[in-house]
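Just below is one structure, and these are the notes that go with it.
Note that these values count all heavy atoms, side chains included, but never hydrogens, waters or copies made by symmetry.
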There are 2 protein chains.
Amino acid sequence: MSHDHCRNCAAPDLAFAAHDHAPCASEALARAIGILAAKGQRLTPVRRRTLEILLEGHRALGAYEVLSRLATEGFGAQPPVAYRALDFLEEHGLAHRIRRLNAFTACMHMGENHTAAFLICCVCHAISEAPAPPARAALDSAASAQGFTIESATIEALGRCPTCQNAPQLVPNKAAA
Amino acid sequence: MSHDHCRNCAAPDLAFAAHDHAPCASEALARAIGILAAKGQRLTPVRRRTLEILLEGHRALGAYEVLSRLATEGFGAQPPVAYRALDFLEEHGLAHRIRRLNAFTACMHMGENHTAAFLICCVCHAISEAPAPPARAALDSAASAQGFTIESATIEALGRCPTCQNAPQLVPNKAAA
DNA sequence: TGTATACATGTTATATTATAACATTTCAAG
DNA sequence: CTTGAAATGTTATAATATAACATGTATACA
């Protein structure tokens, strides 16, 4: 049994392949609840819905994109509502911030307390959370050579996913539907 | 003779050590001119001054920080003036964008056409450009396992530099003077 | 030398992303 | 219950970034 929220999303060879994502979300939600319970943290309605939105999106969503969905569902309509929920999820390892896109995405390896590495397709905007430990180890070693102690790392690659290898370049930002 | 703009800034074991930075800037400027000339690109007054500002700063500067310095020196006072110069410098490998800080910093290895890895001290905000090839290689290998082709990578670590190992945590953003 | 063209700079205006500050509500502990 | 902490909500504003267009400048070539 995998520790990942979705064996399709998380498996390196399948991350960019199309698959039925519906079961992923409910598995992930269950895991999230367990992780938070173990820390004495609560998955309140806004937080839960925010996580669901990220999971359903299955891509990186901007905070205002999340906010507008929350707002139409009766939650608060002001930016802090989304930012607080997203920050909370990130803080507890349930979501990641994608700095290249100023966006957020559900974590594919919840509870593993990992450094994530993201592969971001600049054509179709699909995102895959790749195995980061080797890159992180290399970074740690470069850091310790300078006497630097890493507390958190951002590793993101922009490029082309398998299906977009030969596509012409499109707009360099904004996530796909 | 080193290919780096400043052997003190660029040497892994000295990057976080205090040193006279004045000669670094003029060396770097000379290198920048050569690099651009080879590409048929011009280091115009705004671009040149922008690069000097980054070099003198010797840390990450926000676009608006750069802009206000340009403006007091008689250049345009509107955001595009700074963003265009910064984007140009980044495009030609003379500066890097630090995504964790929404800021820019002069490149320490001009002309090497490299992936950069940054170590950002969360206490004093010093920045070091660390050797990235091992981390980049690890990332490439993770990517190719998914059939993904990397075009550009962002590798940034937040942590503590040698002199701040034991300092208490300070504000988590905004560069130091 | 002129002049056409591409490039660069400058402007105004606005979009996008994010946080500060504070009022109100909800929860859980005693 | 009631009280303190946490969570949610609001208004307002800060910080970052780009679009669109007007003006100027450099270069190439007639």
Side-chain angles (χ1 to χ4, degrees), chain A residues 33 36-37 39-51 53-54 60-92 94-105 125 154 171-175, chain B residues 33 36-37 39-51 53-54 60-92 94-105 125 154 171-175:
Chain A
I33 290 167
L36 290 179
K39 296 190 195 183
Q41 296 289 329
R42 298 155 48 206
L43 190 64
T44 60
V46 217
R47 291 170 179 171
R48 177 188 169 120
R49 192 64 198 117
T50 299
L51 180 54
I53 288 167
L54 292 182
L61 297 174
Y64 281 75
E65 228 174 326
V66 170
L67 177 61
S68 76
R69 301 207 37 194
L70 288 173
T72 63
E73 296 176 20
F75 294 101
Q78 304 307 319
V81 170
Y83 280 102
R84 281 195 290 237
L86 291 165
D87 290 347
F88 174 88
L89 295 175
E90 189 187 19
E91 187 178 343
H92 294 287
L94 308 179
H96 293 288
R97 183 186 281 255
I98 309 292
R99 313 211 81 114
R100 287 290 285 248
L101 302 178
N102 291 322
F104 299 81
T105 193
H125 305 106
T154 296
V171 289
N173 208 327
K174 285 294 112 192
Chain B
I33 290 168
L36 290 180
K39 295 191 195 181
Q41 296 289 330
R42 298 155 49 206
L43 189 62
T44 60
V46 217
R47 292 171 180 171
R48 177 188 169 119
R49 192 64 198 119
T50 299
L51 180 54
I53 288 168
L54 292 181
L61 297 175
Y64 281 77
E65 229 173 326
V66 170
L67 177 61
S68 76
R69 301 207 37 196
L70 289 173
T72 63
E73 296 176 20
F75 295 101
Q78 304 307 320
V81 170
Y83 280 103
R84 281 196 290 237
L86 290 165
D87 289 349
F88 174 87
L89 295 174
E90 190 189 17
E91 187 177 342
H92 294 287
L94 308 178
H96 293 287
R97 184 184 280 256
I98 309 290
R99 314 214 78 115
R100 287 290 285 247
L101 303 178
N102 291 322
F104 300 81
T105 192
H125 305 106
T154 296
V171 290
N173 208 324
K174 285 297 107 191

Quiz item: Can you name the nearest heavy-atom pair linking A:Arg42 to A:Phe88, along with the distance?
Solution: O-CZ, 3.8 Å

Quiz item: What is the distance from atom CZ of B:Arg47 to atom CG of B:Leu36, rounded to the nearest 0.5 Å?
Solution: 8.0 Å

Quiz item: Is it true that a side-chain atom of A:Glu65 and a backbone atom of A:Gly62 form a donor plus acceptor pair closer than 3.5 Å?
Solution: yes

Quiz item: When rounded to the nearest 0.5 angstrom, what is the spacing between CZ in B:Arg69 and CG in B:Leu54?
Solution: 9.5 Å

Quiz item: Within the structure, does a side-chain N or O atom of A:Asn102 lie under 4.0 Å from either OP1 or OP2 of C:dA18?
Solution: yes

Quiz item: Any donor-acceptor pair under 3.5 Å linking the side chain of B:Arg97 with the backbone of B:Ala103?
Solution: no

Self-check item: Five-pair end axes of the helix from C:dT1-D:dA30 to C:dG30-D:dC1, angle between them (10°)
Solution: 30°

Practice problem: Nearest whole angstrom, please: distance from the P of D:dA14 to the CD of A:Gln78. | Solution: 17 Å

Quiz item: Given atom CG of A:Leu61 and atom P of C:dA18, what is their separation to the nearest angstrom?
Solution: 13 Å

Quiz prompt | Members of residues 39-51 of chain A that approach DNA chain C, where some heavy atom sits under 4.0 Å away | solution = A:Arg42

Practice problem: Return the value, rounded to whole Å, for the distance between atom CG of A:Leu67 and atom C1' of C:dA15. | Solution: 16 Å

Quiz prompt | Shortest non-hydrogen contact between A:Arg48 and A:Ile33, atoms and distance | solution = NH1-CD1, 4.1 Å

Quiz item: C:dA8 C1' sits how many Å from B:Leu89 CG, rounded?
Solution: 14 Å

Quiz item: How many Å lie between CD1 on B:Ile98 and P on D:dA17, as a whole number?
Solution: 12 Å

Self-check item: Exercise: do A:Thr154 and A:Arg99 side chains pair donor with acceptor under 3.5 Å
Solution: no

Quiz item: Roughly how far apart are B:Phe104 CZ and B:Leu86 CG, rounded to 0.5 Å?
Solution: 5.0 Å

Exercise. Hey, which sits more toward the 5' end of DNA chain D by its nearest nucleotide, A:Gly74 or B:Asp87?
Key: A:Gly74

Self-check item: Minimum-distance nucleotide (side-chain atoms of B:Ala63 versus D:dA12, C:dA20, D:dA17)
Solution: D:dA17

Practice problem: Round to the nearest Å and state the distance from A:Leu86 atom CG to C:dT17 atom P. | Solution: 13 Å

Exercise. Grab the CG-C1' distance between A:Leu70 and D:dT8 for me, whole Å please.
Key: 12 Å

Self-check item: Where A:Ala77 and A:Leu67 come nearest, the two heavy atoms and their spacing
Solution: O-CD2, 3.6 Å

Practice problem: Output the single nucleotide from D:dA17, D:dG9, D:dA12 whose closest atom is nearest the side chain of A:Val81. | Solution: D:dG9

Quiz item: Please give, in whole Å, the distance from C:dT19 P to A:Arg84 CZ?
Solution: 12 Å

Practice problem: Scan B:Arg99 against the nucleic acid and name what it touches under 4.0 Å (heavy atoms): base, sugar-phosphate only, or nothing. | Solution: nothing

Practice problem: Locate the shortest heavy-atom distance separating A:Val46 from A:Val81; write the atom from each residue and the value. | Solution: CG1-CG1, 3.8 Å

Practice problem: Classify the side chain of B:Tyr64 versus the base of D:dA17 as yes if they form a donor-acceptor pair under 3.5 Å and no if they do not. | Solution: yes

Self-check item: Any B:Tyr83 side-chain nitrogen or oxygen under 4.0 Å from OP1 or OP2 of D:dT18
Solution: no

